[in-house]
Structures are given as C-alpha cells and as structure tokens.
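Keep in mind that what you see is a predicted model, and the values were worked out from it rather than measured. These numbers come from the heavy atoms of this one structure, side chains and all, not from hydrogens, waters or symmetry mates. Each chain gets a letter, A, B and so on, in the order its sequence line appears, and its residues count up from 1.
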Amino acid sequence: MRIVRLIKNRRNGAMAGYDPRSIEKKWQEIWLGKKLFAAGDDPLRPKYYVLDMFPYPSGEGLHVGHPEGYTATDIVARYKRARGFNVLHPMGWDAFGLPAEQYAIKTNTHPSVLTRKNIDRFRTQLKSLGFSYDWDREVNTTDPAYYRWTQWIFTRIYETWFDDNLRKGRPIQELVDEFAGGKRPVPGGRPWAELSATERRRILADFRLAYEVEAPVNWCPALGTVLANEEVIDGKSEVGGFPVERRPMRQWMLRITAYAQRLLDGLDKLDWSDSLKLMQRNWIGRSEGAEVHFTVAGGNQRITVFTTRPDTLFGATYMVLAPEHPLVNLKAPDHIVPAAWPEGTLPEWRYKLSAENPRAALAAYQQWAAARSERQRQEDTAKTGVFSGAFALNPVRGEKIPIFISDYVLMGYGTGAIMAVPAHDRRDFDFARLFHLPIRRVVSSAAQKPDAGELPLEAPGYAVDSPWINGLPTAPAAGRMCDLLEARGLGRRRVNYKLRDWLFSRQRYWGEPFPLVHLEDGTTAALADAQLPLELPSLADFKPTGTMEPPLAKALAWRDVQVVLDGKPANPRARVVPAGTPGAAPARREVNTMPQWAGSCWYYLRYLDPHNDRAFCEKNNERRWMADPPGVDLYIGGVEHAVLHLLYSRFWHKVLFDLGLVSSDEPFRKLVNQGLILGEAEYTLFESEAGERVSCADVDPEWTTRTGPDDKPQIVSRHTATGAVVVGRWCDPTKVEKRGDAFVLTSNPAIRVDARSFKMSKSRGNVVNPDDVIARYGSDALRLFEMFLGPLEQVKPWSTAGVEGVYRFLQRLWRNLTGGEAAARVARRDAGGTWRCDSNVLNEAEAQAATHDFQTILRPMHRTIRKVTQDIERHAFNTAISTMMEFNNTLTRLTWIPEEAAQTLVRLLEPFAPHIAEEIYHRLAGAAAQVSISLLPWPEYDEALCTDEQLEIPVQINGKLSGRVTVAAGADEREVVQSALADAQVKARLAGRAPRKQIYVKDRMLNLVV
RNA sequence: GCCGGAGUGGCGGAACUGGCAGACGCGCUGGAUUCAAAAUCCAGUUCUCGCAAGAGAGUGUGGGUUCGAUUCCCUCCUCCGGCACCA
C-alpha cells in the first residue's frame, strides 16, 4: 500500500525535496501583488505599530546585522496580525549623509544618483527576505517631498521658545504678546513698542529653540565639516576616525538643553532596557549643587561658579576660569587681567618665564590651548595653566585667592569657572601641587578627628574648619550651606546638566537646506510654508571648498535672493520673489545644511501618512497609530543610536507635542536593541618574525594591525618578556583543543592560542553577505538562523555550520509534512470520522495507529502553542524555534501525522519562516486553502492540555536527588510522600532514617530532610 | 578612574518567580544505508573513576542565606559595553 502510493506520488511529480529558491520568490510576489501586509484600518481592532530603525543605504549593501532586527520585528508584526491587531510595519531610507557624499566626490557622481542606486539595491535585498512591510509607505529622507516636512518642522522649532515656568515649548508669537503686553520684561529694559523690527528680531533670536551662535566647534578638516559632540569619539570623528580640532565658528544650534529635565523624566515611563536609559541619563548628566558668586578683588566683576560640593566652600583656595571665559577675553572691555604681575607672583605661575605681564602670558596660553586638539587634551591630562594676575574674594572667608586660567576647566560646562578646593578634588589637588597653591582641609572622614583621611579626600565625611557648618556630615552640610548662601545673597541652589545644545549645521552638500534667509540687517527669517521644499541646488561641483565655507556657498544664484517679508515684523516669514518685485529686499539663503539626524528625527511620523502633501501627518492618522497606547509599540534597532538618534528624536517629538502636533510626549514606548553579530569564531596563533611559535600567554593583549608583506592586514603584538614583535596568524580549529580555561595547540600544548570572534569588517575579511546565504540556504533559513543564534539583545558570533543546522530543520519539516520524495504521512479525519491520507482511506490498522498518534501528539501540541506564543511575547525567538524543532522531532517519530498538528506547526512557524510555512500550508490544505496562511488566526492552546496526566516527581533527600516517583498530576503531598517512601531506591537511600521534615512543591519535586 | 552588563559542556546557547543543570542546534563518536561518497536515519556525547552496574564532582573564585542556589547577598578574578579633567 505504502509502496504503491510512493510510486504514484513520484509519477505525479507532486512531491519533491525542499527547494527554497522555487518557493520564496513565488510567495513574495503573491504577497506583494495582493498587498497582504498593508497597514490595517479596521476601527474595531487595536493598533500595533512595530518599527525598525531605518537603514542608511550604504554602497556595501545589506549586512547580516540588518536582518537580525528586521526579522525580529517581522515576527512580531506577523504574530500581531494573527492576533487580530491592525499592524503598521513600514520601512524607509535614511539617505542623506556623509558616506554617499564622500563616495560621490571620489567617483565624481552626483550623490542623488548613488543614493538612488543604493536604495534600489537595499530594497531588492530586503524584499528577498520576505519581510511583511507595507511597501506603499516607504519613505526616503532625501526626497524633496519628504524633506519639505523636515524643513517645515524645523521652522516650527525655529518659531518656538521654551517657557521655563510652564516647562514647555510655546509659539514665539506668544512671547511677542507677553513682551508687548508687559507680562514679561523685555531684555534690555526698553518697552517693546519702542523697538524697531530689527531690534525685536534680535531679542527673539535669543529665545528661539533654533539659534545661531559663534562658538568653538568640533571642526574636522578631513571631512570638511563640524560635528556634534555626540559625533566625536576620543577626539576623532565617529565617521572615518579623522582628527577633530576646536575652532570658533558661526553655527546653528538647537536648544535641546531646555528639554534636559523632561528628557530625563520621560525615561521613567518608557519600556527600554535599564542600560539604555542609563546611557541617556549619563549623557544628560544632571547634577545638583549650587552656584556661588565670587567678586574680583579690587573690581566689580562677579565670577559665578557651579559646584556640587558647596560644603567645601571654606576650602576654596583659588579659582580657575576656562581659557575661553569672557572675563579673560582680552578683547572685551571688562576683562579682569591687570597690566602687570602683582607682588608675590611665583615664576611658575607665568606660563612662560619670558612673559613680562599677565596679558602676554594669558594670550600665549590661550593660543596654545585653542590649538590643542580635543584628542590631545583628553590624552594628556597633566595640568597646565597660567595666573591671570587677578584675585577674587572667597565669599565666606573673605580672603584673597588667585584666579588661574587652565584648560582643565571647560567653557561648555557649568559657568566655565570653578572654585578650586584642592583638599577635596583630585584635579584641583594636582593643580595646586604643581603651582604651589595652598591646600586647606575642610572635610574629615571621621566625626571627631579633625584630620582623618588622606588628601585629596573626595568621599563624604564631616565638615571641619568651616565655621558655618562644622561637624555636619557632607550631605546636610551642603544643604545648610545652600540655605545660608541663599539667605546672604551669595549664591543659590542650582541643577546643572552635562548635555549641551545640539550643533545643528554641517558644511556639506548632501543634507537638507535650512529653510531660512539672512536679511540685510543681520537677522534671519524663516521661509514661508508655501515655499517649501527648499530644494538643494543641483550643483555640478559639490566638493568641499577647502575652507570652512560650505559647498552651497558656491551656488551664488541659489544663495542670493530677493525676499518680501510677510506676517508680523518681529517674526516674519520670508517669501522669495523675482528681482524687481515691489517691496523686495536682498537676502541670502543659509548655506549650511542639516545634519544626518534631522531626517530620522521624525520619520516614524511620516509613515503614518506618507503621501500627504498638505501636512507632515494628518491628525487622525497620527492619533490612530500613536495615541492609544501612546507612541510606537515596538522599536528595534542597534545600540549605537542610544544617545544620538534616540535623544534627538525624543527632543523633536516633545517640541511637536508641546505645539499640539502629536498626541504622545514620547515617541518610542518600547525599545529593544538587537545585539551585534560578530564574525565567525577564529583562533589566532602567534609567531615570532623568525616563524617560531609563541604562546599567547606571553603576548601583550593590546594588539594592533599593520600591512603585511602581502599587502594584507596582519595582527601584530609584542612578546611581553622580550618586547620582540610577534605576528598573529589564523589557526585551523581542528588543530586546537581546550586545556583548563585556555585553548592550546594539540601538537604542542605549551602554546596557547587566542580564541575569539571579531566584529565583521572588510579589512578582516570576515564579512558575511546575506545574499550568499540566501542563494545557498534560502531566506527562511537565514531568518531562522539569525533568530536561533541566541537572545536578540546579545552580541553573538556568526556560524555557517549553524545556518546548516536550521536548514536541516526546514528540510526535516518539509519531509515530515509534505512527504518529500517519499509518501505523505499527514492524515486527517473527515467529518464522518474516517482517516484519510491524500485521497486514500486508511485501513483499520492504519486508522488505529493514526488515532493513537493523534492522542500522543495532542498534549505536546498544546504545550508547543503555549511556549511559542509566550516566547514571541517576550521576544525569546531562539527558544521558540527550539520548541518548534522539538515538536517537529516528535512528529518524526509518529507513523501518521495528524493534519491538525501539521497545520498548527506551520501556523506557528509562519512569522519566523513565512515562505516554507505558506507553501506547506497550501499543499496541506489544497483547494480549501485561503489566499495566505498569514490570514489564519493564531492557534489557541488549552491550558488543561498543556500538562501530562502522569508526572515524574524527583525525590530529594537533604536536597540531593535520590530517586523519582510517578504520580498523577495534581496529586497531594500525602500521596506523593507515600509513593516516595515506598520507592525502592529512596528506601535504600534513607537507610531506615525517618524524614524529619518534608518539602513538597506541587507537581515539581519532593525533598525529604532527615 | 567612574558607571553598567555578563561569566554554564569542545562551540552557540536553555533552565518560568529559589525546585530534576546542560533543552534545542552545531561539532564529535559509533552504527544503519551505499560499490563508494554525499545526503539521510538510529544511538551516544558535562567531567573524573569504572569493563559494567554504579560512585563522585560540577554553572568564573571564595564565602553566606536556605530543606534546596546557575538563580538571592557579600568578596575577589576575567571579559564586554558606556562615560571620562563635567567641578
């Protein structure tokens, strides 16, 4: 019978081996053609917005890291659809940015051409993975129809000010009204009505969330642009690793600091990992303390400092100002630097012994400090400085203390000035030692002893030699000091943040132009909404100018315009008009462009209404996806965006929220960071240059790379003992074995070998291309493997053997459920209770076996549904896959596979491996099949069918496993103890001792204590 | 230096809320099939001792809490990540 069927099936050609290539493309086209994954809009269903961090479409194409997060979100999207949600699952391109521009310059191709090409490649690659995106909602940040709204949002930010009392952003017009109505004092003191339009615009400019300032910036000569603090790592550019210097420059800034506290507070209600929240908190860097006013001796200038340790004020023996501090700006009229060295100036205070007076010394030091790169400053923390020649008065002690200038004080933090308490601050201590300044102890680590604890003592203790607060522990002492300072008008409590305002302009071509013009009077005006988008001029020469001037400055015809100002004169909108238009005045467009982060600050909102040309997003669409529950329901992406993108977009979102343009005050309610995928594990064997093997135990763990004789990069390090250069070589894994906690050469166990996985990189040659994996194993195997590798959030090494493992699982599944090249074993019972396989009726013996198999599989099936469901909910995709593998293995052992079990398994598999699931579903269901398995509801499980009727309970004696007894599920303690005591093995172990105590955990274990 | 996170077989990893450590997959070993190989199927696989039945040890280290600890607490070690002259 079986043989006959086998022959028949073969002849029909219906059954064959698993061939991903033939099925994946087919289903991708069908899904796309039927728009199966268009975002649902059934008002009766709850919404679920599942978002990927959209990629930068690089020229390299997709990396295996991309499908990791994308598969995870796709699983959730498909699962949530099956659970009856309206699911929004979109994809787009973050396509402005440096790499495309760099490459464009190199190849002399316009970046828009490259960008289009790269996007096409990415789209094709993503489609080949079968992700269930709603492709009709694709966005592209470089499309004028998109950046029109980036510019539009920028103008809203520009026209917003932050009301410190209400702690929210408000339209600038409301500020104008407050000035005009006398509700708020006008800076400068003159009444609003008396001010000219220019004066009004100047005042408003200081309040706007987007403002221009001349400030020292991170200038990267190699990239030809300035960078945000967040884009500078170890004094080098994040992109490319080029050196960065500090230079003063006119720049656009966004006032993110106004939102510091709200960005901090908002974290509490977000479902993000603790580590990520911590990174954001650290970056915002809130610290509480006091600002204290010092006066300059013999002058009327006031120096305000910020300190977190006001309790140490009696120990302040000198002050330090940042080299850029306005009070030491020799060009400013009110600087504090005297013309001659005061009496008692030590030689070492003069910076250069040749300096004849403080002004010369200071100028020399300022010049030196300004030329020092950020990197040099961070690497060399030895203290340097110069005496300003001026003194200040310690406000509580009244004594004269010298004022120094040093670059260990940063202009960008606090007030750019500190009170130095060398006894209780490591940095001040080092400085005081070097410059022979007095060190005065004001904290003791013991309550009664006045001088306990070695200096510098930074830890909390008890105040000493501080008349106002003697004996008080540090925390209350600081509080008391604040009270007294406030009462005497010497200072006040203050909260300070490390976060700086966001440097928002770049001297590059490939970015959004600012929708602004500079007017003749030096003020700026936003472009009228109707004039957006302001498109990039198509510049034949978009190379950097070689100076600090941006490339757009070369587009003279574009830059120089005639404008008419509409609206209120204090806050006008500029309309570019043809020359000669009555009332037109000349103006210049802003020639900087926005940084890459601009487009990604709000793209998740554009997906909600991607084709709208009247609004960035229509209100109802926004509410449908972002209001209840608030924000994006699941956002997955790399941890490299922990502080940049995630802080910036939260900031923009809060501004939009304050302006009533969005309904949630946080954009991303739940966020998960997928872990990096490393290259395949490698063994590295070190050899001396003479070719002698060296144990890696004897090698300096700090490795470097150099170009080897064959022009390929090679790993080099040094022999710890001799210092000789050693070269790292790839080592065959089969020649290595584990000894203790290290790997050694099998042939010579004295030689230790280094074992680790490295980040994938072109130079190392360990990059895995998803296209190759798909060509060989199919995209279902790739998706499955990326999820099976380990927990989503963890860093994990790639393994080609592992891909084969999941590929074999898919083959076994295919053979099990379709029969493959053999006879099908899937049997179903029709309405009349007759078991059939294909069109054949099973004989009595076979039917009996099928019924038996059905009973055998019922409980494992329900357990599998439960486990897979729960695992998807908690994003434990690796264990969900294990469970399905186990269930498939269970099916393998059956003679007949009940169709219900088969259908359940493919339904559960569909979010993970949609193509094979779809194909098997259609083969099983035949003519009764729906358009797609994805339209079937998610299987339900019966909790009662998830446990076995008989359970094997482990019996411990004194916590040690000593036997097992089988009891009915739910048996009470007495029964279990009884059968345990009756068990031969337990009896033997008890050796006649009577249990003193017993602990029974229902259905889990029994512990007998003797 | 400061702040996080993690250490489980040869490898990736599993273990719900303190309850049978090592699921699942890879690799390896043996067997079946094959002229042979690939593929596939079956069995075994934490370590030590033992022919075996079995015994003992075991989740980075040392200690603690508990009837019971991979899980909770403390000490130390290693690795990974973030920040770093932030007053």
Discussion item. Just to be sure I understand the rule, does Thr883(A) reach a base, reach only the sugar-phosphate, or reach nothing, if contact means heavy atoms closer than 4.0 Å?
Written reply: nothing
Worksheet entry | Same-atom distance (P) from rA39(B) to rC26(B), integer angstrom | 12 Å
Worksheet item: Once you round it to whole Å, what is the distance between P of rA69(B) and CG of Asn958(A)?
Response: 11 Å
Worksheet item: Is it true that the side chains of Tyr18(A) and Thr818(A) contain a donor and an acceptor less than 3.5 Å apart?
Response: no
Discussion item. Just to be sure I understand the rule, does Arg426(A) reach a base, reach only the sugar-phosphate, or reach nothing, if contact means heavy atoms closer than 4.0 Å?
Written reply: nothing
Discussion item. Need the pair for rG10(B). Rule: Watson-Crick or G-U wobble, both distances under 3.5 Å, any strand; none if unpaired.
Written reply: rC26(B)
Practice prompt. Assign Leu278(A) to base, sugar-phosphate, or nothing according to its heavy-atom contacts below 4.0 angstrom with the strands shown.
Written response: sugar-phosphate
Item to complete: Answer yes or no: side-chain N or O of Arg281(A) and base N or O of rC3(B) forming a donor-acceptor pair under 3.5 Å.
Response: no
Discussion item. Let's test this: given Watson-Crick or G-U wobble pairing with both distances under 3.5 Å, identify the partner of rU46(B).
Written reply: rA57(B)
Discussion item. With a 4.0 Å cutoff (strictly under), does any side-chain N or O of Asn1007(A) reach OP1 or OP2 of rC20(B)?
Written reply: no
Item to complete: Determine the Euclidean distance between corresponding P atoms of rC74(B) and rG5(B); express it in Å to zero decimal places.
Response: 12 Å
Response to the item:
Across every strand shown, the nucleotide meeting Watson-Crick or G-U wobble geometry with rC83(B) (both distances under 3.5 Å) is rG1(B)
Discussion item. So Met1005(A), base contact, sugar-phosphate only, or nothing? Heavy-atom distance under 4.0 Å.
Written reply: base
Worksheet entry | OP1 or OP2 of rA87(B) under 4.0 Å from side-chain N/O of Ser287(A) | yes
Item to complete: Kindly point out which of rG12(B), rU40(B), rA23(B) is positioned nearest to the side chain of Ser882(A)?
Response: rA23(B)
Practice prompt. Please state whether the phosphate of rA55(B), meaning OP1 or OP2, lies under 4.0 angstrom from any side-chain nitrogen or oxygen of Arg989(A).
Written response: yes
Discussion item. Please classify the nucleic acid contact of Glu886(A) as base, sugar-phosphate, or nothing, using heavy-atom distances under 4.0 Å.
Written reply: sugar-phosphate
Worksheet item: Under 4.0 angstrom, heavy atoms only, what part of the nucleic acid is Val795(A) near: base, sugar-phosphate, or nothing?
Response: sugar-phosphate
Worksheet item: Within the pair Gln794(A) and rG13(B), is there a side-chain N or O less than 4.0 Å away from OP1 or OP2?
Response: yes
Worksheet item: Base, sugar-phosphate alone, or nothing: which one does Arg500(A) contact when heavy atoms must sit under 4.0 Å apart?
Response: base
Item to complete: Would you please classify the geometry between the Tyr365(A) ring and the Trp368(A) ring as parallel, tilted or perpendicular, with 30° and 60° separating the classes?
Response: tilted
Fill in: Pairwise P distance, rG64(B) and rG58(B) [rounded to whole Å]
14 Å
Practice prompt. Give Arg863(A) one of three labels, base, sugar-phosphate or nothing, depending on what nucleic acid heavy atoms sit under 4.0 Å from its own.
Written response: nothing
Worksheet item: Looking at RNA chain B, which of residues 671-683 of chain A put a heavy atom within less than 4.0 Å of it?
Response: none
Discussion item. Pairing check on rC20(B): which nucleotide meets the Watson-Crick or G-U wobble criteria with it, both distances under 3.5 Å?
Written reply: none
Fill in: Strand partner of rA39(B), provided both Watson-Crick or wobble distances fall under 3.5 Å
none
Worksheet item: Under the 3.5 Å rule, do the base of rC83(B) and the side chain of Lys498(A) count as making a donor-acceptor pair?
Response: no
Worksheet entry | Modelled atom types, side-chain donor and acceptor of Ser287(A) and Asn496(A), under 3.5 Å | no
Worksheet item: Roughly how far apart, to the nearest Å, are rU59(B) and rU8(B) at atom P?
Response: 11 Å
Worksheet item: Looking at Asp972(A), Asp1003(A), Leu1006(A), Ile953(A), which hits side chain to side chain contact (heavy atoms under 4.5 Å, CB included) with Val967(A)?
Response: Ile953(A)
Practice prompt. Once you apply the 3.5 Å cut-off to both distances, tell me the Watson-Crick or G-U wobble partner of rC72(B), or none.
Written response: rG64(B)
Practice prompt. Using the C1' atom on both, measure rG44(B) against rU34(B) and round to a whole Å.
Written response: 23 Å
Worksheet item: Any Lys/Arg nitrogen of Glu68(A) or Lys796(A) sitting under 4.0 Å from an Asp/Glu carboxylate oxygen of the other?
Response: yes
Discussion item. Heavy atoms only, 4.0 Å cut-off, all strands: where does Arg996(A) land among base, sugar-phosphate and nothing?
Written reply: nothing
Discussion item. Within the 4.0 Å heavy-atom criterion, would you say Leu789(A) contacts the bases, only the backbone, or no part of the nucleic acid?
Written reply: sugar-phosphate
Item to complete: Return yes if the base of rC20(B) and the side-chain atoms of Arg964(A) contain a donor-acceptor N/O pair under 3.5 Å, otherwise no.
Response: yes
Discussion item. Give me the distance, rounded to whole Å, that separates rG22(B) from rC16(B) when you measure between the P atoms they each carry.
Written reply: 13 Å
Worksheet item: rA14(B) phosphate, OP1 or OP2: any side-chain N/O from Asn878(A) under 4.0 angstrom?
Response: yes
Worksheet, complete the sentence: The nucleotide from rG13(B), rA15(B), rA87(B) with an atom nearest the side chain of Pro791(A) is rG13(B)
Discussion item. Around atom CZ of Arg286(A), are there more than 12 heavy atoms from other residues, nucleotides or ligands closer than 6.0 Å?
Written reply: yes
Discussion item. Would you say CD of Glu379(A) has more than 12 non-hydrogen atoms from neighbouring residues, nucleotides or ligands within 6.0 angstrom?
Written reply: yes
Item to complete: Kindly state whether the ring of Phe431(A) and the ring of Phe404(A) have centres lying under 6.0 angstrom apart.
Response: yes
Discussion item. Categorize Lys960(A) for me: base, sugar-phosphate, or nothing, with a 4.0 angstrom heavy-atom threshold over every strand shown.
Written reply: sugar-phosphate
Practice prompt. Mind telling me if rG7(B) is syn or anti? Syn here is a glycosidic angle within 90° of 0.
Written response: anti
Discussion item. Tell me whether Lys383(A) forms a cation-pi arrangement with Phe435(A), defined as NZ or CZ under 6.0 Å from the six-membered ring centre and within 45 degrees of its axis.
Written reply: no
Worksheet item: So what does Asn889(A) touch, heavy atoms closer than 4.0 Å: a base, only the sugar-phosphate, or nothing?
Response: sugar-phosphate
Fill in: Greater than 12 external heavy atoms within 6.0 Å of Arg776(A)'s CZ
no
Worksheet item: Does a side-chain N or O from Arg808(A) land closer than 4.0 Å to OP1 or OP2 of rG27(B), or not?
Response: yes
Fill in: From rC83(B), rU40(B), rC85(B), nucleotide with atom closest to Trp283(A) side chain
rC83(B)
Item to complete: Give none if rA52(B) has no partner; otherwise give the nucleotide forming a Watson-Crick or G-U wobble pair with it, both distances under 3.5 Å.
Response: none
Worksheet entry | Sidechain N-carboxylate O distance under 4.0 Å for Asp380(A), Arg377(A) | no
Item to complete: Under 4.0 Å between any heavy atoms, over every strand shown, what does Glu952(A) touch: base, sugar-phosphate, or nothing? Just pick one.
Response: base
Discussion item. Check this for me, if you would: do Asp948(A) and Arg863(A) make a salt bridge, where the nitrogen-to-carboxylate-oxygen distance has to be below 4.0 angstrom?
Written reply: yes
Worksheet item: If you measure from the P atom in rC11(B) to the same atom in rC76(B), how many Å do you get, rounded?
Response: 28 Å
Discussion item. If you assign Phe743(A) and Asp380(A) each to the RNA chain B nucleotide with the nearest heavy atom, which residue ends up on the more 5' nucleotide?
Written reply: Phe743(A)
Practice prompt. Please state the P separation for the pair rU70(B) and rA21(B) - nearest whole angstrom.
Written response: 9 Å
Worksheet item: Looking for any heavy atom pair under 4.0 Å, which part of the strands does Val1001(A) touch: base, sugar-phosphate only, or nothing?
Response: base
Discussion item. Quick check on RNA chain B: between Arg309(A) and Lys997(A), whose nearest nucleotide comes earlier from the 5' end?
Written reply: Lys997(A)
